[in-house]
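Reminder, nothing fancy here: chain letters follow the sequence lines and each chain counts from 1.
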Number of protein chains: 2
Amino acid sequence: MTGKGSLSTVETLFAEFVDGIQHGRFVPGQRLVEADLCQEFGISRGPLRETIRRLAAEGLVEIQHNRGARIKRMSREELVHLYEVREVIEGLAARMAAERATPGERDEIAAVLAAMETAIAARDHLGYADLNIRFHALLVSAAHNPTLEQIYQRLQTPTMRRQFRSLLETGAMLRSLEEHRVIIAAILAGDPLAAEAGMREHLQQSGTLIARHEAEASLSEPL
Amino acid sequence: MTGKGSLSTVETLFAEFVDGIQHGRFVPGQRLVEADLCQEFGISRGPLRETIRRLAAEGLVEIQHNRGARIKRMSREELVHLYEVREVIEGLAARMAAERATPGERDEIAAVLAAMETAIAARDHLGYADLNIRFHALLVSAAHNPTLEQIYQRLQTPTMRRQFRSLLETGAMLRSLEEHRVIIAAILAGDPLAAEAGMREHLQQSGTLIARHEAEASLSEPL
DNA sequence: CCCCCTTATATCGTAGGACAATTCGGTTCG
DNA sequence: CGAACCGAATTGTCCTACGATATAAGGGGG
């Protein structure tokens, strides 16, 4: 496990974990036993511990002294708090995107909207969920503010799975699409305030929707 | 370096570094050579590397593969980006504080304002800088949103020293105090929108002030 | 029969040594 | 004068070891 080209083991592992958490290969609350993971990934404890430390710093896992690490559980209350923050962060992103997006980025955004409409028409929930993630990421990147992007990623990661679940209803998809339309129209028109307002509205809707889903699903399974 | 009571070595070290960065014992761009630091802190490479990883995840140091870590340098452009984010984050904090602050917290906020006025009258720049940090932290904590608090800390830490510098002018202190007064009045009056607007205004002022200072001082010393 | 206390076991936190890979600065050679 | 070369410094990773701590298991007293 020596040569890694140009990427460090820790970065690779980190990405692996993030992906695993997003795709449900690691479930919230799951213990991360060092010995097991070392064997599973074929590495030694050093880099593994560094990776866990990094995950903890990003808020994806929780470390308890002398008790090891476990995938972080997010309570409904925390979810509410998170969406409060996302609202202003992505609101800012939308505003900046309306001001600073390049023509190419505007084209991309418009293309995503078109793809979303196609996905909805085809009742392709999975595809729509992907486009949804791409849409938000696109806006953030079009804001041309790396700091914002960093914060966004930190807030986004732990909720992706939940977002997907709540979009399983067609009704939710339709409402979501409508909100996206408003935001995109504002951005393409170069109207920062409308873009920000639209995004805030959108996240308020999404937030309450997901929180409600959580409440319903909280008993059936501990996701 | 065995028994640490209940705090891990990494957490202790991390705090040490954060403090060191804030107080200028580590300067931006400085290399973090593992062997040296191990000796300096009397620990082995394992915990040290974990600490560096954590610092990197918080954005305080930069790790380059096979080239080690160094204290992060923040360009003027990054500073602008950071203040754009701080504006909405702390704006949110002020709004929430106006809505949710407990009577005890409101008293504390009022007390800080009083202390600030005293400090200004005494031309106590250092005291005022401390109070300034405390004021902002207090608002964020009065927002009762742990996620927000976490993000805030991440954004706040790397700029503390700069903030201090730009407050060295009495004129800046006076303007800052005036802005604080507006924010606090809004919070105590329970006016969320005014509090948010006031905080945004305040951070815009501070941001441009600090950026200007940077521009002036950029040649004399690489802080 | 249940509860508390003692004893194992699993796991973490940290130390320390080792070594290949890589970077960097200075030197030699064309 | 530039390019290839060499050696020192440093990182990234592995390994082994061992005290400290938490959790689980078992055994004696109420």
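Near DNA chain C, meaning a heavy atom under 4.0 Å away, the residues from residues 44-60 of chain B are Ser44(B), Arg45(B), Pro47(B).
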Are Arg54(A) and Glu50(A) close enough, and set up right, to give a salt bridge (charged side-chain N to carboxylate O under 4.0 Å, His left out), and what steps lead you there?
-> CA-CA 6 Å; Arg54(A) 180 142 162 44; Glu50(A) 285 181 37; over 6 Å; no
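In this model, no donor atom of one side chain and acceptor atom of the other lie less than 3.5 Å apart for Gln153(B) and Glu149(B). For the residue pair Gln150(B)/His81(A), the side-chain donor-acceptor check at 3.5 Å is not satisfied.
Across the protein-nucleic acid pair, Asp36(B) atom CG and dA9(D) atom P stand 12 Å apart, rounded to whole Å. The CZ atom of Phe14(B) sits 17 Å away from the P atom of dG13(C) (whole-angstrom rounding). Gln39(A) has its CD atom 12 Å from the P atom of dT11(C), to the nearest Å. Following rounding to the nearest Å, Ile63(B) (CD1) and dT10(D) (C1') show an atom-to-atom distance of 14 Å. Note: CZ (Phe41(A)) to C1' (dT13(D)) measures 17 Å, nearest angstrom. In this entry the distance linking CG of Leu37(A) with C1' of dC12(C) reads 13 Å, nearest Å. Here the P atom of nucleotide dT10(D) and the CZ atom of Arg31(B) are 6 Å apart, to the nearest Å.
Between His180(B) and His202(B), the ring planes lie perpendicular to each other; the angle is over 60°, past the 30° to 60° tilted range.
For Ala115(A), the side-chain contact (heavy atoms from CB on, under 4.5 Å) criterion is met by Leu131(A), not counting sequence neighbours.
For Arg25(B), the CZ atom counts as densely surrounded, since its 6.0 Å shell holds more than 12 non-hydrogen atoms of other residues, nucleotides or ligands. The local environment of CZ in Arg134(B) is sparse, with at most 12 non-hydrogen atoms from other residues, nucleotides or ligands closer than 6.0 Å.
In summary, Arg73(B) and Glu78(B) do not engage in a salt bridge, as defined by a charged side-chain N under 4.0 Å from a carboxylate O.
Listed by first and then second residue, the side-chain hydrogen bond (donor to acceptor under 3.5 Å, both in side chains) pairs involving residues 31-48 of chain B are Glu34(B)-Arg45(B), Glu34(B)-Arg49(B) (not counting sequence neighbours). Sorted by first and then second residue, the side-chain hydrogen bond (donor to acceptor under 3.5 Å, both in side chains) pairs with a member in residues 88-101 of chain B read Glu84(A)-Arg100(B), Arg86(B)-Glu90(B), Glu90(B)-His136(B), Arg95(B)-Glu196(B); sequence neighbours excluded.
When each of dC14(D), dG12(D), dG13(C) is scored by its nearest atom to the side-chain atoms of Glu34(A), the top-ranked nucleotide is dG13(C).
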Quick test: give all pairs of protein nitrogen or oxygen and nucleotides 22-24 of chain D nitrogen or oxygen below 3.5 Å, distance rounded to 0.1 Å.
| unit_1 | atom_1 | unit_2 | atom_2 | d |
| --- | --- | --- | --- | --- |
| dT23(D) | OP1 | Arg67(A) | NE | 3.4 |
| dT23(D) | OP1 | Arg67(A) | NH1 | 2.9 |

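Here the closest non-hydrogen pair linking Leu209(A) and Ala172(A) is CD2-CB, 3.7 Å.
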How does DNA chain C look in dot-bracket notation if pairs are Watson-Crick or G-U with both distances under 3.5 Å, crossing ones as [ ], other-strand ones as |?
-> ||||||||||||||||||||||||||||||
